[in-house]
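The structure under discussion appears below in the form of structure tokens.
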Amino acid sequence: MSLLKPLNKLPELNTANVLLVENEELFQKKLADAIVLLENNVNVIVRLARSLPLPLESRPRIDLVVFIVHLNSEQSLLSAEASLKHLDSSYFLGKVCFLVTGARCGTLPYERLTSLKKLAATLNSPLLMTEDRTTEGVNTVAQRVLAVLRVAAGLVPMATGLYLSSLTRCTVPTDPDWQNQD
Amino acid sequence: MEDARECLRDGVLNHLNVLEIEALELSRQQQLCLQQQSRVDDLRIMVDKLRAQKDQLKARAKTTMSLQQLKAVVHQRNEEFNDDISEEGCSMTAKSQLSFLMARKTQVKDLLQAHHLIGGYDVTETCRGKGVCISIATAFEGFYLETYNLELDVSRAIQICRHNIPPFIPLEKLAQVNLQTDLMGFLSTLSHHLNGFAGRRQQIRLIQEVLRDSVEVMESNVLFNTIVLMCADPEENGRAVLCTLEYSDLSRYLPTKVTIESEDKALPSTPQWKESQSLLLQTPAHTALKALKMKGQIA
Amino acid sequence: MDDSTKQVLRQIIRRIPLNKLQNMLSKWEHLSKKQLRSLEFTQPKWLLCDNLLSICEENDLSMKHVTELEIIYRIDHPAQGSWNVCQLIDPEEEAVTADLLHFKQLFKAHLRGLISHVSVKTKKHEDGAIWIRIAWGDNFTQPNHLKPTYVVHHLQTPYVFVSGLTMKHKPLLHQALVLSAHYGGIKDVHLSGRCLTALRDLLMRQYKQVFPVKHPRLLLERSPLPSNPNIQMEHAKHAENRLQMAAEAFGEGILPKLETAVYKLETRFRENGNGMLGRREEPFRGVVKFASSNLLESLKYCVSSGMASAPVTPLLSSITQKGRNYFVITDKGPGASHTPGPNI
Amino acid sequence: MAENQTPTLQTMERVYEAEIKLLQEEIAMLQNQQENNEREVISHFGEHTQRALTSQPDFQRGTKDTAMNLKMELEKLEEDLARQTKMNGIVLNECEVNTLEKSKTKIVQQHRVSGNCIFLDFQVEFQLTEILEEEATIVRSITDLNIVVDGCEFIDISAFVSGVEETKSLLLFFRALRAFSERCEHRNRTFAHFKEKYPELVRLPEGCRGEVMVIQNPKIPGCTLSFVWNITVTKDGVIIPKIDLLTKLPEQAALALDQRMVAENGPQSFQSLLRILGVEATIEALIAAVCVE
Amino acid sequence: METRLSATATPRNQTAPHRSSKSYGFSRRSLGVELTSRLGCTPGQLTAVRIPTNRGIPKPRNITEQVDPEHIALIVKKEWKLSYVTPLYQFGHTQLQSYSRQLAAFLAAEKQQGVAVEVGQELGFKVVFTAVLGLAETDDDAETVLIQIHSKSAFAAEGEAAKLTWSGWLSCVSGDVEYLRSMPPDFTCLPLFGASGAESLTTLVKSWFERTFDCYFGPLAINSTNLEWLAALWTGCHPDTNIRYLKLAWTIPAQPPLDVSYTVHPQDAWELWNSIRQESGLRDTVDIEEVSCFIKGLESHLFRHFRIYLSAGTLTKVSTTLGSAHQDGKIRITSSDMMTSVLALLTECALLKMPV
């Protein structure tokens, strides 16, 4: 099965490709519209997928893969974890990002958020808490994704995806209590 | 400068926070006027797309050789190899081959559409050949009415697994007769039943639509196989006349029995009502009644 | 107007909401225009009820008239209590040509033959169905009009919708129905719900079903809005496929509003992983109940959104195919016992 | 803050919308032209297309896969057509479509369809109108219909055909045509079977597809049984077969049989014989009766 | 002051509008700051109290010796709406009498100002605070306090006794010892609050407590992990006390929402649970893995039949004859044998909500 590779094709001039992976296919459309609307100078192509692997078609090089996980559904987390296996390991050098929604809901089992945080930490990728119901929330996260995308697509001089990810990667709380838990 | 120093007093993080919110606000306003701009952008993109499609079609038209060119190609080859074009002799050029294929494809599509239009069963295979979906078209006097569908499981014995035939059509009874033994026979009897029903119902609709003022449908049922119509006899000072149409053969849209009743017992046996009774037996009810109205037989 | 009639009338008035009462009374046509106007519909209900009682006494209305009011109200607001469906089987020859009057007389005669004190009131609804209201007494007591049974039968179709029937009277009703409709027998369709029109639309197939046939249209559909060129759907085909399968399983457009589906599971527990209960022979007994304000819409959404895997399991698609919402699932297959329902 | 659109944006929008409408019409016209061109090619070079399917000419690299897909697609369509033809029992050889009127809510097309149903050839011309009414319901109707059927059996259904033309019941016509052809074919097969089985006894004055079969024993001249099998179609498309037996006996034989009133009650007993034994067995019985001296 | 981006409440549970509670600031034990600091979080989300991954096997035991059966009768069989309570400042079990009087006066005063009290026009309130001795498991647990409000409605005839129209309790059963000990001296920790009766009375009682003891009441939801614990806990008791059925209910976020309920035969449920316990060696403690394996087993059994991903929805309700628990924080305990272990679990949930 073909692994999605980040550097297997030549990039097109001044374009950035981002792949939004969401099992529920609900939030990704709103986010894609916001991203395309906000970005003016770089030609951003947003590809929407439900999970990996992607159907066998020719597609340009994907600069950033964004996993959208809804915490109120366990299937969302499981499907994201399953999709990760289809990514080439070199994606985890600053070309993967996790968006988490629904973290506020009171009836949330705690371990789901912590296990997702641990997953993001081990893959040293950023994890952004997202507010998917208000337009400000959507615009904010669209801006953040664009920021990470620009770096990942190498459109920001002097900044590489790896360098940015070392700053923004998700850190599991260093509190001693957590350590002896797992 | 004053408000900057005042903000700083609350701590750097807070100051950054305030700045970011202002930036967000600014970008949101910028978006607002961008939005109007984007509507025009969308239209521009749409125009580019359509132009591209037009050019592509034009190009294709150029490549597929027109009729004259093909005639020339075939004609020219005829001379070289006199008349009988032997198999290996006619190495068709790729282009003419492509246009023949495309032409044949359009013809087959037209033929399939023709089959559909003349009321053929549109048969499509489902679930990888184990199932078949058959549609039965109904029509009455030029008007296409509902199309009913049957999904059959043909892996082992033929079984109806899904259908949208209304329950007053005796589907189970018909299927027991010859679904397994003679599928075509079963389909044609079912088609006759459905078209009979559609025809009878359409007649009632037409009567209610066209003859609303002179004929009233007193009684009818779901299967439209027993209809009671009331009309008025002009001479007998508009006395009411009841015609009861019975359709015992459910696959036909003509009644098998017509009874005329009225308070005046003698009226049904008068010659002109006798004649209209036989007229109702041979012609569809709405045409018959229209004719009677024209003749002044009914008010 | 005796006391029992008054009591029944009081109960009917109490059940009809105030805003609908005026409309019902005018449809009832047993009150003159003047009397109707004299009733003041803004006063508290119990006061209104007394005035109405006195008017009815004036018009000397009998139990027959009062039951007619209830039947009118029930026809316009069928969704009270739950409706169950049974199906007449093995039609005799005359079943198709049976007409309303004939059926009505036969039904009353047969039912009175089976049980002496029973009051039967029928009314023809404009969609061709016959509504029957039965107040059951027994050999000694008068018919109890407070707990009537309602029966709705569409002639020429095998379906009978029943509400408010006790087990005691079930065999009597079934026998009367079979005899007067010229059928060989009757069986339960295992379909029940609060909304009568939903049950009828499901069984009479009066909702749009989708079949894998694509009927060519001459008029071109309006071309869909051009989507933004910068956004591409990778799984467009899968999504389309799921939508088609969901539509084929549950239908399209406005779906019959079923509320529940119940499955009694008596299948062995087969857990692939760590052999939990693997060896156990007896079935793992349990009852699964699906509930929603519009069950078919919810199930359809689950399939089209991927929360249920496609192709749709026959257990769920049997709701629309077999027209029932109660199943007993054993290892031999769903409802291996004789599967009633509209088709083979 | 949302001031209304600046005038230039509005005008640009209207300009683009007009251009889009124009482009859409042009594209539709081009597609139509393309299809008509293909139809012309077919009508002139029918047989070539068959060879095109089979031969494997050398393709440039570019058109290789398009040709492959096209061929696969065509094979699938041919398969569908074969299945439709078998199921409908009607063979369509040729059909012509031209669009007389086309708008967003109405389309009128002139169709000419020719083919055969078992051995009755037909050519049907009909005008089809499709109108889009409110809430997207489409009303499709036949607005003009004329039918030509050739084959000796046509006389039996000419009344039916004219009735159908008048009421424009296209679907009824084809349903009845199919049933009628099947009955004729059944009659034809029966007559051919007996002609071949008893060549010297059986004569078919109007050929296999005729209505009459004469059974005569050469040894008893003048005594003939003519078996008349007539098939008619009622106005509403119901097929009614009518089978009669005409007997012609020489005078002395007639007298001899008369005491047993064969001539009068012949027809009733014949009809009952038909009902009980069915057509083939009855004919066998008749032939047996004629052979015995 | 930390700005708080208001988010519309998630549809399933209407969290009360966030009152800007006093900012406790981030104490040393809170988690490292990441990007999430931008969006304000519900209090307690950052608690570092460890979530136990295994629990001792709760044995049903008769508590009628330690606890007055009359009190038990008041708590059993009713359905309680749960909330969490931050530590009470200067709350003394000795002043229950004066609290009764103060609350009664407060309720009467509120009634004067026409605060909507829809339970008829109350003439007077009779409030009783009682200490339910014996429920506390460790000496660090504060004793449970029961509050009952009797009110006489205007229509009641003269001599008629006031009816019990509202009852509630504050409790702490085997709370996290380390946390309880870290409580400053004047604070009493009764984190778990249950209320049953008119909603308006509940809000009044809450506002009185908040004003008198400077504490905060917040909605307490029972998340699916805890519902799974309860399901396993109740199923485990089947051989001793017949649970007659184990009913699990999920809600699938379809449009319109789909509720799936699965009522399992008790003996089969127990045999499944027991086979999982045997699989992992019947240790004296129950591990979270076993519990989720039990629920996953039931879910996969349903998936095999209906092919619906229950994991796309949430477990909302668990019920047996021993009791029922709903995700929105509604609990009903029908038999007193299991009361302490259920209250212990709920106390733990409430403690997780405590700001550190």
Side-chain angles (χ1 to χ4, degrees), chain B residues 29 32 36-37 39-40 43-44 46-47 50-51 53-54 57-58 60-61 64 66-67 70-71 74 90-94 97-112 114-115 117-123 137 139-144 184 188 191-192 195 252-254 282, chain D residues 1-2 5 9 12-13 16-17 19-20 23-24 26-27 30-31 34-35 37-42 44-45 48-49 51-52 55 57-60 63 67 70-71 73-74 77-78 80-81 83-84 87-88 90 92 95 97 111 113 128 140-142 167-171 174-175 179 235-236 238:
Chain B
Q29 267 134 30
L32 266 180
Q36 287 113 28
Q37 175 66 24
R39 171 94 177 87
V40 176
L43 288 177
R44 187 167 39 72
M46 176 69 164
V47 166
L50 286 174
R51 267 203 207 107
Q53 197 182 355
K54 191 184 80 177
L57 268 173
K58 274 219 172 86
R60 217 177 89 182
T64 53
S66 70
L67 180 61
L70 273 177
K71 270 199 191 126
V74 172
C90 78
S91 65
M92 292 216 176
T93 61
Q97 152 101 28
L98 212 56
S99 45
F100 277 141
L101 284 179
M102 268 194 272
R104 174 63 185 164
K105 192 177 111 183
T106 321
Q107 186 193 22
V108 172
K109 268 203 192 139
D110 286 349
L111 285 172
L112 280 170
H115 268 293
L117 289 176
I118 64 172
Y121 308 119
D122 292 341
V123 187
F140 180 70
E141 283 185 1
F143 279 92
Y144 285 78
M184 298 318 297
S188 82
S191 165
H192 281 108
N195 276 284
R252 297 183 61 184
Y253 59 80
L254 286 181
Q282 283 131 23
Chain D
M1 219 289 278
Q5 283 176 340
L9 281 183
M12 276 163 68
E13 207 172 293
Y16 282 138
E17 269 158 6
E19 195 170 348
I20 287 176
L23 281 170
Q24 277 170 337
E26 245 179 285
I27 287 172
L30 273 170
Q31 276 164 339
Q34 172 71 23
E35 274 166 15
N37 174 14
E38 280 162 5
R39 288 198 183 99
E40 276 157 27
V41 163
I42 274 295
H44 283 81
F45 297 99
H48 279 262
T49 50
R51 194 170 313 108
S55 70
D58 45 6
F59 283 101
Q60 299 92 336
T63 57
L70 199 53
K71 210 167 252 185
E73 218 183 306
L74 189 53
L77 283 172
E78 297 277 7
D80 283 354
L81 182 60
R83 191 186 318 117
Q84 289 294 89
M87 287 290 277
N88 295 347
I90 290 174
L92 292 182
C95 64
V97 184
H111 287 258
V113 168
L128 191 74
R140 181 188 285 178
S141 59
I142 306 285
T167 56
K168 309 192 202 52
S169 318
L170 176 69
L171 272 69
F174 276 105
R175 249 195 337 274
K235 253 171 76 161
D236 63 334
V238 179

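For clarity, every value in this text was computed on a predicted model and none was experimentally measured. In the text below, chain A, chain B and the rest are named by the order of the sequence lines, each starting its count at 1. Values reported hereafter were calculated over all heavy atoms of this structure, with side chains retained and with hydrogens, waters and symmetry mates removed.
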Next on the checklist: Is D/Ile27 in contact with chain B via its backbone, its side chain, both, or neither, using a 4.5 Å heavy-atom distance?
Outcome noted: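 Interface part for D/Ile27: both.
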
Identify the two heavy atoms, one from [X] and one from [Y], that lie closest to each other, and give their separation to 0.1 Å.
X: B/Glu141; Y: D/Ser169; value: CA-OG, 3.5 Å
X: B/Gly119; Y: B/Ala137; value: CA-CB, 4.4 Å
X: D/Leu23; Y: B/Lys54; value: CD2-CD, 3.9 Å
X: B/Ala114; Y: D/Leu92; value: CB-CD1, 3.7 Å

Checklist entry - When you measure from the side chain of D/Arg83 to the backbone N and O of B/Val123, does any donor-acceptor pair fall under 3.5 Å? => result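 At least one qualifying donor-acceptor pair exists.
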
Next on the checklist: Please identify, among B/Val108, B/Val47, B/Ile118, the residue contributing the most non-hydrogen atom pairs under 4.5 Å to chain D.
Outcome noted: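 Answer, by heavy-atom pair count under 4.5 Å with chain D: B/Ile118.
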
Item to check | Residue selection (most heavy-atom pairs with chain D, distance under 4.5 Å) from B/Phe143, B/Tyr121, B/Phe140, B/Tyr253 | outcome: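 Option with the greatest count: B/Tyr121.
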
So which of [options] has the biggest tally of heavy-atom pairs under 4.5 Å with chain B?
options: D/Lys235, D/Gln84, D/Lys168; result: D/Gln84
options: D/Leu170, D/Leu30, D/Leu81; result: D/Leu81
options: D/Val238, D/Asp236, D/Ile20, D/Val97; result: D/Asp236

